[in-house]
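Only one structure is covered here, and it is reproduced in the block below.
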There are 2 protein chains.
Amino acid sequence: MENKNTYHHGNLKNALISAGVEILAREGVGALSLRKVAKKVGVSHSAPYAHFKDKQALIAAISIEGFKKLLAELQNTFEKYRANPDRLLLETAWVYFEFALQEKDTFKVMFSGILEKEKNYPDLVDVVQQTFQMVVNVVSICQLNGILRAADADLTSVVVWSQIHGLISLYLEGQISHTILDNYELRKILLYALNQFTLVPIQ
Amino acid sequence: MENKNTYHHGNLKNALISAGVEILAREGVGALSLRKVAKKVGVSHSAPYAHFKDKQALIAAISIEGFKKLLAELQNTFEKYRANPDRLLLETAWVYFEFALQEKDTFKVMFSGILEKEKNYPDLVDVVQQTFQMVVNVVSICQLNGILRAADADLTSVVVWSQIHGLISLYLEGQISHTILDNYELRKILLYALNQFTLVPIQ
DNA sequence: ATATAATCTAGACAGTGTCAAGATAGAAAA
DNA sequence: TTTTCTATCTTGACACTGTCTAGATTATAT
């Protein structure tokens, strides 16, 4: 995947992260091991320790990568729909859904509490905070345009985010019964959920 | 924990499940291993294989135990508040929160997608279905009493459940920023969330 | 150029899930 | 009761895991 001729890889840290993301996509979170990541990059099994304190640190880096990608897509959507606040909310939520569906196992890693709370990864906290800020931005615009109630934007954002996150999480875990999924497609369910929050019906 | 004198344990299957639950509570999901569970019960490292096909099967059994406990508490709450539908919704959600907070890692195991969807555990599907049915019951009563809109009870239940589940999940993962948690306690946030759904404000 | 630091390898260790072969004991059949 | 069968449990092995140490290699700074 990278230049492997030299003793020093040159870009090992990023190569390890990419390899980890690929393994997540191809084989799932259960197959993610430091040794496999190292082998995939063509480096010895303990080479990663020059760049990551432990496995958790690699997972944190992968999470950061995931959040950055999600954040970028949220920003795109924001620019695209900021003039149409009624669609902005739905499309923002939908981007979240699409990310979770496409990067199923990366999403799982990002939110499944593998990382212990004790250790704090400042860069991760940063990008999570930025991602949440995007939700706040969307909520704020919707409030200004009479689509959402004018309550505390932070509080509303947390609740809206939870709604979206809970829905896609339960869906990914297969917890939403098929009898419901047969009657309503995912986007319809999302729409119904978001319409609980809106002052004006959106579609 | 059980009679350990005889060669045959007598109640090994249940003992293994209990030991697993204890390890989850004491050391967290990262420390849950078949060998540790076996040692805790005082049995050889491969004795569990007489009762569980593999580690996933033990985890499924632990999940079932968790859902049964959650279900029992939901049923208690239902009986307690069925005459007060305005509190029923809140207290049902709160029981869900309390379970997740008390049995943090069991909750994580129940919902963190460790179990592969391919393998299906009928008993697990059963108890999950029963748990969801409790939500439907609560939602139905609330609809009959004009607390919730009279829409499809299944659809509304999925969305309400997602809201509750998303909120406590993000909280447990530490994703809800401290600036918000400093301003609002968890129950207030939950209340605000549920009031998005209700026709009449609840408190 | 030389010293220092960053990067990578090789080997080891304890712990893991899982399988195969065999020991033990309770249950069923004779 | 004795015999057979089957469920249960032990022992030993295997490949794989995360992590540590010691040392080799290369880049960087003095």
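These numbers were taken from a predicted model, which means no experiment stands behind them. Chain letters run A, B, ... following the sequence lines, proteins first and then strands; every chain starts at 1.
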Show which side-chain atoms of residues 149-162 of chain A pair as donor or acceptor with protein atoms under 3.5 Å away, not counting sequence neighbours.
| residue | atom | partner | partner atom | Å |
| --- | --- | --- | --- | --- |
| A:R149 | NH2 | B:Q196 | OE1 | 3.3 |
| A:D152 | OD1 | A:D154 | N | 2.8 |
| A:D152 | OD1 | A:L155 | N | 3.2 |
| A:D152 | OD2 | B:Y184 | OH | 2.5 |
| A:T156 | OG1 | A:D152 | O | 3.0 |
| A:T156 | OG1 | B:Y192 | OH | 2.7 |
| A:S157 | OG | A:A153 | O | 2.6 |
| A:W161 | NE1 | A:Y96 | OH | 3.1 |
| A:S162 | OG | A:V158 | O | 2.8 |

Test: salt bridge (Lys or Arg N to Asp or Glu O under 4.0 Å). Region: residues 46-55 of chain B. Which pairs qualify, not counting sequence neighbours?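 Sorted result for residues 46-55 of chain B: B:D54-B:K119.
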Sequence neighbours left out, what pairs pass salt bridge (Lys or Arg N to Asp or Glu O under 4.0 Å) with at least one residue falling in residues 25-36 of chain B?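 Listed once each, the pairs are B:E22-B:R26, B:E27-B:K36.
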Donor-acceptor under 3.5 Å (B:D105 side chain, B:V29 main chain):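 Yes: the side chain of B:D105 pairs with the backbone of B:V29.
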Please report, rounded to the nearest Å, how far the [atom2] atom of [N] is from the [atom1] atom of [X].
X	N	atom1	atom2	answer
B:K39	C:dG17	NZ	C1'	15 Å
B:L12	D:dC9	CG	P	5 Å
B:N11	D:dA7	CG	P	18 Å

Got a sec, which residues hit side-chain contact (heavy atoms from CB on, under 4.5 Å) with A:K39, two or more places apart in sequence or on another chain?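 So A:K39 forms no side-chain contact (heavy atoms from CB on, under 4.5 Å) with any residue.
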According to the ring-ring contact (aromatic ring centres under 6.0 Å, His included) rule, which pairs have a member within residues 16-73 of chain B, sequence neighbours left out?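 Output for this query lists B:F67-B:F111.
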To the nearest 10°, give me the bend of the helix from C:dA1-D:dT30 to C:dA30-D:dT1, comparing the axes of its five terminal pairs at either end.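 For the helix from C:dA1-D:dT30 to C:dA30-D:dT1, the axes at either end differ by 10°.
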Listed partners of B:E79 passing salt bridge (charged side-chain N to carboxylate O under 4.0 Å, His left out), at least two apart: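 B:R82.
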Which residues satisfy the salt bridge (charged side-chain N to carboxylate O under 4.0 Å, His left out) test with B:K68, sequence neighbours excluded?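 Salt bridge (charged side-chain N to carboxylate O under 4.0 Å, His left out) list for B:K68, sorted by chain: empty.
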What pairs of nitrogen or oxygen atoms, one from the protein and one from nucleotides 15-19 of chain D, lie under 3.5 Å apart?
| residue | atom | partner | partner atom | Å |
| --- | --- | --- | --- | --- |
| D:dT17 | OP1 | A:S33 | OG | 3.0 |
| D:dG18 | OP1 | A:L34 | N | 2.9 |
| D:dG18 | OP1 | A:K55 | NZ | 3.4 |
| D:dG18 | OP2 | A:L34 | N | 3.1 |
| D:dG18 | OP2 | A:R35 | N | 3.3 |
| D:dG18 | N7 | A:R35 | NH1 | 2.7 |
| D:dG18 | O6 | A:R35 | NH1 | 2.7 |
| D:dT19 | OP2 | A:Y49 | OH | 3.1 |
| D:dT19 | OP2 | A:K55 | N | 2.8 |
| D:dT19 | O5' | A:Y49 | OH | 3.2 |
| D:dT19 | O4 | A:R35 | NH1 | 3.1 |

Taking 4.0 Å as the cut-off, does a side-chain nitrogen or oxygen of A:H51 come that near to OP1 or OP2 on C:dA6?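 The answer is no; no side-chain N or O of A:H51 sits under 4.0 Å from OP1 or OP2.
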